[in-house]
Student: 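One structure follows; several queries about it will come next.
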Protein chains: 2
Amino acid sequence: MFHPADPYNMNCPSRDLLDLIGGKWAILILCCLQQGPVRTGALMRQVGGISQKMLTQTLRDLEQAGFVERISHPEVPPRVEYRLTDLGRSLSDLARTIEQWVVAHYPVIMGRRERHGPGVDPAEG
Amino acid sequence: MFHPADPYNMNCPSRDLLDLIGGKWAILILCCLQQGPVRTGALMRQVGGISQKMLTQTLRDLEQAGFVERISHPEVPPRVEYRLTDLGRSLSDLARTIEQWVVAHYPVIMGRRERHGPGVDPAEG
DNA sequence: CAGAATCCACTACGATACTG
DNA sequence: CAGTATCGTAGTGGATTCTG
């Protein structure tokens, strides 16, 4: 039995989970995998700007946490696919919600940024 | 008018937004602010482990993005509150969803971790 | 009490080279 | 094609100090 999760407590392991979700690539990868199993190379191409290292590393992290499953086909040349687990599917729904929120609110936020400038603006009061 | 947001494109500014949301502290802070305006010191105490620097910095980032509003009361000693904007309220709903997902699935993930060895551990490079 | 400024350890991440 | 290993660097973020 575990203590209930408390992300406000710095020693609670749920913080790690929050960090994984909040990582630079996890959300995008999880969203890609919603369509079904995807090959490594395809992921590489879909997630713009990700390096081979970070792709592998993030996939390993997601695998460790039980969100994705690695499927290695015994072929030459190698063919590896990644697929969401049930838990991962649940999380990827969340990931897509996040992504969609960003896409939906992007124009408003960018509009604001243009008016206020991307630089530091003095505190008004 | 802007191009539509495309987080899969590494040059799309929506990436920044994703990074802000995914930052180490933003989600927790946004959740705290859901109750209404909160003072700096109260935030400091609620979000376990945050440093004064990171609290201020994250609040500035959230402020600049238009998610929170800084309310400085002309008193001595100083009293400053932070309050969600309408846009911020929308985002904080999302933040709460994330937080709740983590809390809800925490036991399953921790259970897995016990059986499969340490899972989400940023320190294992 | 709020927060800016400085210092600095750590690590996240990219680039590159190499293996099967 | 998928993945590992190594190295260099920019950025993150904590501890501390200083201001009004």
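A note on names: the letters A, B, ... follow the listed sequences, proteins ahead of strands, and every chain is numbered from 1.
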Student: Distance-only, no hydrogens or angles: does the B:R112 side chain make a donor-acceptor pair with backbone N or O of A:Q64 under 3.5 Å?
Tutor: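 Yes, because the side chain of B:R112 sits within donor-acceptor range (under 3.5 Å) of the backbone of A:Q64.
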Student: Measure the distance from CD1 on B:I71 to P on C:dC1 and round it to the nearest whole Å.
Tutor: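 Result: 19 Å.
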Student: Could you give the CZ-to-P distance, from A:R39 to D:dC1, as a whole number of Å?
Tutor: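 Answer to the nearest Å: 8 Å.
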Student: Donor-acceptor check, side chain of B:S90 to backbone of B:D86, threshold 3.5 angstrom: yes or no?
Tutor: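 Between the backbone of B:D86 and the side chain of B:S90 there is no qualifying donor-acceptor contact (under 3.5 Å).
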Student: Measure CG/B:L55 against P/C:dA4 and give the value in whole Å, please.
Tutor: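 The answer, rounded to whole Å, is 11 Å.
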Student: Rounded to whole Å, please give me the gap between NE2 in A:H73 and C1' in D:dA2.
Tutor: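 A:H73 atom NE2 is separated from D:dA2 atom C1' by 13 Å.
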Student: Closest approach of A:P4 and B:Y106, non-hydrogen atoms and distance?
Tutor: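 So the minimum-distance heavy-atom pair works out to C-CE2, 4.3 Å.
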Student: Just how far, in rounded Å, is P of C:dA12 from CG of A:D19?
Tutor: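 It is 9 Å, rounded to the nearest whole Å.
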Student: Measure CZ/A:R70 against C1'/D:dC1 and give the value in whole Å, please.
Tutor: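 Result: 12 Å.
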Student: What string of B, S and - do you get for nucleotides 4-20 of chain D, 5' to 3', when a contact is any protein heavy atom under 4.0 Å?
Tutor: B-BB-----BBB----B
Student: Measure OH/B:Y82 against P/C:dA2 and give the value in whole Å, please.
Tutor: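 About 9 Å, once rounded to whole Å.
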Student: Can a donor-acceptor pair be found between the side chains of A:E69 and A:T85 at a distance below 3.5 Å?
Tutor: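 Side-chain D/A pair, A:E69 to A:T85: absent.
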Student: Report yes if the side chains of A:T40 and A:T56 come closer than 4.5 Å at any heavy-atom pair, otherwise no.
Tutor: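 No - every pair of side-chain heavy atoms lies 4.5 Å or more apart.
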Student: Rounded to the Å, how far apart are B:L59 CG and C:dA2 P?
Tutor: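 Rounded to the whole Å, the gap is 11 Å.
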Student: Please confirm whether the shortest side-chain N or O distance from A:T40 to OP1 or OP2 of D:dG3 is below 4.0 Å.
Tutor: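 For D:dG3, OP1/OP2 do have a side-chain N/O of A:T40 under 4.0 Å.
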Student: For the backbone of A:P7 and the side chain of A:R15, can you confirm whether one donor and one acceptor N or O come within less than 3.5 Å of each other?
Tutor: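 Present.
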